Amino acid sequence: MFAIFRKRDFSLMWLAQLVSTIGSSLTDLAAGILVWTLTGSALNVGLVLIVSALPTLFIGLFAGVFVDRFDRKRILLASDLLRAGIVVLIPLAFDALGPDTGMLAMYGLLFLSATVRQFFDPAWESLLPEIASEEELSRANSFLAISSFGSTAVGFAAAGFLSTVNIHLPFFIDSGTFLFSFVLVLLVRVPKMPHVEESTSVGVVLDNLTSGARYLWSTPILRSALLLTVPILMSFGFWNVLLLPMAIKVLHGTNFEYGLQEGFTSVGFVAGSLFMARYGDRLAEGTWIVGSFILMGTFGILYGLAPNIEVAILMVTLTGFLNSPSAVSRRLLLQKNIPREMRGRVFSANFVIRDVCLLLGMAGAGLADVFDVRTLIVVASSVVVGAGVLAQFLPGIGRPAAEWRRALQLLGTAPAAPTIGAGRPATMLDFDRLMGLLPELGGLAMNRRAGFLTGATVARAAPGEAIVKVGDPSTAAYFVLGGRAVAGIPGEGDVGFRSLSAMGPGDFFGEIAALTGSPRTANVVAEEATEVLEIPGPTLKSLMDVPEMSALINSKLTERLGRTTPTDFVRLARPDQRDLADLRRRRPKGAAGQRV
């Protein structure tokens, strides 16, 4: 799972984000502690977070348009330099102006730093898919989640300690981390964006802005993710402000224990992100989101009921662990479903909605000056549980329980279900339909397209009919042209199914068996009227020398093998002895130099 670090540019990005996030967390926590020490008001602590989110209302949406039109690497470099200069002014303002005026100056400087960040964030998010391939994105996002949030474990704990030594020291350190990030980003190699010829007028900017928002709303899976953002981030904004009064006022903890509480939240997130790097591709993004929200909210409720600071730290660590699957999966959904040339705009629109929701949640935290903190935390956590339940019913995210029960019933009857009948010969029109679902096939030359259809057939499966069954001989791979099918790998005894997935137009299955000659290891049943294009195994093998086809099949092979447990490998057919002999030979000189 650490193979992504072999990419030099990703390693540089990861280290840059790790170091600068440690510095930013020093500033965030030190500013909160400083304000709490001076005023003792949860509302004033909330203002620290509010001024960091306010710039999104004035510039966030427009920043994304500029990110799509100008060099993203230069935007990142300029952002690091500007924030290094802004943050170092905070302790200087306190020394020069005194506590009261210095605190006002700090609010202004935090606002300026957050304004610069409005350009940095969409540029950073847009950059990752240029460096990591689609099959690497899950692991890349998991490790970047560690550097973007998990590293706060170090920053928060250090801020809690440094605040007892010199409250101004964290700001100086943060400034240095931005300079360090600048140097690392300077070394990252980024593909050049196509030059945009149109002028950057107000009308053009507004038109680009509108197109980004329209795309975000018109794409069902992105719209579902957006609808979830509202209750979740309002709860998060509310929760984040309440952590300080909960730890210090309710549980009578010290500043250092509050720093530990925040730090262990990040420790849990790091563990969760490592878990996702290893197992994230075993389930669909939507499944991770649903489970993450429900469990995270449950432990959040238990945090609100904690009898002492020690139990609170344990509960908050578990919420950190459970936060990671949803955070990684939501990022992945956006990156996979946004075109390259629109990433800046769509990410900015998403960030604006995020920050507005956080602002509303933070503003509501002033209720802690009037109402019981524990009750407010339980209410906020209950909203997260409710969002998890809602996610189960949103398009592209979850599947209603009734649909899962139906899928399980269909798979349970698969051994006795009628098998799909013989189909008609496939035509070039069928290939064109499939190419509309899998644009990668457009790279095939005309003679290769004809070869793709050699021996291919198009068959229809009625609801409940089995397309393939466990143990069947493998002679072909299947591409779904229309409808919906469910697949499951039977467990041992009464275990049921160890793996369960749904497939729609553009999905394909059976490629491992078709290429290796192994028996089928899963049942695939039509959930509704389904049309499939059946490609014979020899045809598929003959096309594996075509880069576009090889990349398409290999990405799916990687995904499927990632979900395969060691016990499944004994089900594969006996390997050809000549292949085994090749595996035993040493690699050529200049390769790894070791046996395979």
Side-chain angles (χ1 to χ4, degrees), residues 1-5 7 10-11 13-18 21 25 121-122 124-153 221-222 224-226 228-229 232-233 235-236 265-297 299-300 316-338 343 346-347 350-351 353-354 358 384 387-388 391-392 394 396-398 501 555 558-559 562-563:
M1 69 182 184
F2 295 99
I4 185 67
F5 285 101
K7 289 195 168 185
F10 174 81
S11 296
M13 281 185 65
W14 184 85
L15 184 58
Q17 185 164 269
L18 175 73
T21 304
S25 61
D121 283 349
W124 186 267
E125 294 289 343
S126 301
L127 203 61
L128 181 59
E130 304 293 330
I131 292 175
S133 63
E134 183 169 343
E135 57 268 22
E136 293 171 329
L137 272 178
S138 178
R139 290 180 173 85
N141 277 294
S142 297
F143 284 112
L144 281 177
I146 293 174
S147 61
S148 66
F149 182 84
S151 58
T152 57
I221 193 168
L222 297 180
S224 296
L226 175 63
L228 283 177
T229 295
I232 286 295
L233 290 180
S235 297
F236 283 3
T265 306
S266 302
V267 168
F269 193 93
V270 168
S273 297
L274 289 172
F275 175 85
M276 288 298 292
R278 179 67 181 85
Y279 299 106
D281 55 2
R282 300 291 179 93
L283 297 174
E285 289 87 0
T287 304
W288 286 118
I289 290 172
V290 171
S292 172
F293 285 165
I294 292 175
L295 291 174
M296 180 170 50
F299 281 97
V316 88
T317 302
L318 292 173
T319 63
F321 179 90
L322 295 165
N323 185 13
S324 179
S326 58
V328 171
S329 297
R330 281 183 292 163
R331 272 178 92 173
L332 197 55
L333 280 178
L334 292 175
Q335 290 164 349
K336 283 185 174 181
N337 291 282
I338 301 173
R343 284 179 192 147
V346 178
F347 274 119
N350 185 68
F351 289 146
I353 295 165
R354 176 199 68 186
L358 285 172
V384 176
Q392 179 65 22
L394 291 176
I397 303 293
S501 61
S555 66
T558 301
E559 176 188 335
R563 292 198 299 264

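Worth saying up front: this structure is predicted, and the values here are computed from it rather than measured.
Two residues are said to be in side-chain contact when any heavy atoms from C-beta on lie closer than 4.5 Å; Leu228 and Leu394 meet this criterion. Residues Met296 and Phe321 form no side-chain contact, since every pair of their non-hydrogen atoms from C-beta on lies 4.5 Å or further apart. Side-chain contact between Arg330 and Ile232 is present, with heavy atoms from C-beta onward closer than 4.5 Å.
Rounding to the nearest 0.5 Å places CG of Leu15 at 9.5 Å from CZ of Phe5. Distance check, rounded to the nearest 0.5 Å: CG of Leu318 to OG1 of Thr265 gives 10.0 Å. Thr319 contributes atom OG1, which lies 11.0 Å from atom CZ of Phe269 (distance to the nearest 0.5 angstrom).
Between Gly272 and Ser324, the shortest heavy-atom distance links the atoms C-OG, 3.3 Å. What you find for Val384 and Phe293 is that their closest heavy atoms are CG1-O, 3.3 Å. Listed here is the closest heavy atom pair of Ile289 and Ala391: CG2-CB, 4.4 Å.
A ring-centre distance under 6.0 Å is not found for Tyr279 and Trp288. Not less than 6.0 angstrom separates the ring centroid of Phe143 from the ring centroid of Phe10.
Formation of a donor-acceptor pair under 3.5 Å by the Ser329 side chain with backbone atoms of Ser326 is not found in this model.
Residues passing the ring pair (Phe, Tyr, Trp, His ring centres under 6.0 Å) test with Phe299: none are found, sequence neighbours excluded.
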